[in-house]
There are 2 protein chains.
Amino acid sequence: MAPTSSRPGRHAASRRAAVRGNPAHPPGEISPLTINRISVYLRSLRQLEAQGVARISSQQLARRFHLSSTQIRKDLALFGGFGVRGVGYDVARLAQQLTTLLHIDRIQRIVIVGMGNIGTALARFPAFNSGTFRVVAGFDTDPARIGREVGPVRILPMEDLETVVEATGARLAVLAVPAEAAVPVFRAIAATGIPSVLNFAPVTLPPVPGCRVKHVDLRIHLEELVFFAVASATAAPGEGV
Amino acid sequence: MAPTSSRPGRHAASRRAAVRGNPAHPPGEISPLTINRISVYLRSLRQLEAQGVARISSQQLARRFHLSSTQIRKDLALFGGFGVRGVGYDVARLAQQLTTLLHIDRIQRIVIVGMGNIGTALARFPAFNSGTFRVVAGFDTDPARIGREVGPVRILPMEDLETVVEATGARLAVLAVPAEAAVPVFRAIAATGIPSVLNFAPVTLPPVPGCRVKHVDLRIHLEELVFFAVASATAAPGEGV
């Protein structure tokens, strides 16, 4: 068990309850989109908590944060349901339950590999350095960058990757190197045993068992926006373009 | 018609052919995921072109870039099919056809609203400043930032947004302001007539007709990775963790 988890037994149990409690929904059936919505609900609940709201119905939650109340009920029911009919949800309690469900009730350490524009921005990014997440080190091959401090982290040489991952217990890596370097650097990250990589390099990475990759391809997002903007302008020539 | 398109007639025609050519697939049925895959194919083809490859089969393309050949054939068939059975695809020609299909055969101008860490990184990001895309201006409310140059752009006050959008013909905006400012700033962007927003603020934005939003929620990606890493470690305790 990794050093990032202080109470493995308890977490393993809550995990089983959450993911496997309902026999109709084995872990494989829970989609990333469902988990992404749980993150959104949690964020909304934390905001309500900060505003002193103690209870909320799915309808109020939906209206307030531009969500779907049917979807909220369906998603929460998937993990056992947490609301009381006619009473709504206890905001603080549901937030805590979702935090446990997402396994973000412990510190999750991140290494950033590739300290160019994107890597540097993410090292200083509040969302990667607050609550559960901590950037613990940056890595680069450029001697001019090595040794520098960026926000909370120091830039280290690639050779130190495995040692630092072991020493810090980092379980998340951000891959932010240029396209041509991405595949070998990805293999080096996977070889350290890190199970999760957030990839910003515009490259389809080869599958490596035991290492899950989430691609963030910003240019592809732009291309998608362009395509649909033109398509909808064509469909309704009076509007917009 | 926006100044970003120099030959509206031709583009409108190719657009109709591409999107509406097949009566079984009206524009509404083309999913963002399909368009994202078209972007990946195009990028792969451009790489092959640079390497001097003239022809390629869907199988070779799939093997080389970790894609699915069935999916490639299915996706391209959706837009009329471009290959010749037994001969494969003409790399340069298919790349040109996909470029036209995605409407990225003309310059697409981008404004970045919010010039903090992420906005600043994107202003300098090669993928946002090459080929079809150009960042033309950055905007911020912080007087200390206004007037500075970041990569190719100057940081301007928010009051100039509408004028600059009109003057440059920008049709894409990046929203990179803090969560608490995101909704009003998003409305200000949409009010300029910009039809496409790439949103980095961790907020669900209210729908505004005529303005499509693509959310990039990096923290939610991290939470997703954490969830599935723990879930798969639980499913197969011998591996990884």
Side-chain angles (χ1 to χ4, degrees), chain A residues 1-2 11-12 15-16 19 27 30 32 35-36 39-40 43 65-67 102-104 108 110 117-118 120-122 124-125 127-128 133 171-172 193 195-196 198 202 204-207 210 212 214 216-235 239-241, chain B residues 1-2 11-12 15-16 19 27 30 32 35-36 39-40 43 65-67 102-104 108 110 117-118 120-122 124-125 127-128 133 171-172 193 195-196 198 202 204-207 210 212 214 216-235 239-241:
Chain A
M1 186 48 85
H11 288 305
R15 202 182 300 145
R16 266 190 302 273
V19 180
I30 293 170
I35 293 304
N36 295 163
S39 290
V40 170
R43 180 185 287 166
F65 295 96
H66 318 290
L67 306 167
L102 292 172
H103 313 295
I104 52 175
Q108 301 284 352
I110 306 167
N117 285 323
I118 298 288
T120 300
L122 295 178
R124 293 198 187 101
F125 193 38
F128 280 33
F133 297 107
R171 308 291 292 156
L172 286 161
S196 308
L198 189 63
T204 309
L205 297 172
R212 188 183 180 94
K214 181 86 194 174
V216 181
D217 198 318
L218 300 176
R219 184 159 174 140
I220 281 183
H221 292 333
L222 290 184
E223 294 184 4
E224 177 191 324
L225 283 168
V226 166
F227 179 85
F228 287 102
V230 176
S232 67
T234 313
E239 279 176 17
V241 176
Chain B
M1 186 49 82
H11 288 304
R15 203 184 297 147
R16 267 190 299 274
V19 181
I30 292 169
I35 293 304
N36 295 163
S39 289
V40 170
R43 179 185 288 167
F65 295 97
H66 318 291
L67 307 167
L102 292 173
H103 314 295
I104 52 175
Q108 301 285 352
I110 306 167
N117 284 323
I118 297 288
T120 299
L122 295 177
R124 293 199 186 100
F125 192 38
F128 281 33
F133 296 107
R171 309 290 292 155
L172 286 161
S196 307
L198 188 63
T204 309
L205 298 171
R212 186 183 182 93
K214 180 87 192 170
V216 180
D217 199 318
L218 300 176
R219 184 159 173 139
I220 280 183
H221 292 332
L222 291 185
E223 294 184 4
E224 178 191 323
L225 283 168
V226 167
F227 179 84
F228 286 103
V230 177
S232 67
T234 313
E239 281 176 15
V241 176

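Every chain is numbered from 1, with letters handed out A, B, ... down the list of sequences.
Summarising the geometry of Ser196(A) relative to Leu225(B), their closest heavy-atom pair is OG-O, 3.5 Å, with the distance given to 0.1 Å. Contact record, Ala121(A) with Asn117(B): CB-O, 3.5 Å, taken as the closest heavy-atom pair. Taking every heavy atom of both residues into account, Glu224(B) and Pro32(A) meet most closely at OE2-CB, 3.3 Å.
Between chain B and the options Ile104(A), Val226(A), Leu102(A), Thr204(A), heavy-atom pairs under 4.5 Å are most frequent for Val226(A). Between chain B and the options Arg219(A), Lys214(A), Glu223(A), heavy-atom pairs under 4.5 Å are most frequent for Arg219(A).
Using a 4.5 Å cut-off between heavy atoms, Ile110(B) touches chain A through its side chain atoms alone. Both the backbone and the side chain of Val40(A) come within contact range of chain B, with heavy atoms under 4.5 Å apart. Contact of Ile35(A) with chain B is made through the side chain alone, with heavy-atom distances under 4.5 Å. Of the atoms belonging to Leu198(A), heavy atoms from both backbone and side chain fall under 4.5 Å from chain B. When heavy atoms are compared at a cutoff of 4.5 Å, Arg212(B) approaches chain A by way of both its backbone and its side chain. For Leu67(A), the part lying near chain B is the side chain, with the backbone staying farther off; criterion is any non-hydrogen pair under 4.5 Å. Both the backbone and the side chain of Phe125(A) come within contact range of chain B, judged by heavy atoms closer than 4.5 Å.
Two residues are said to be in side-chain contact when any heavy atoms from C-beta on lie closer than 4.5 Å; His221(A) and Val216(B) meet this criterion. Looking at heavy atoms from C-beta onward, Ile118(A) lies in side-chain contact with Leu122(B) at the 4.5 angstrom threshold.
For Arg124(B), the salt bridge (charged side-chain N to carboxylate O under 4.0 Å, His left out) criterion is met by no residue, not counting sequence neighbours.
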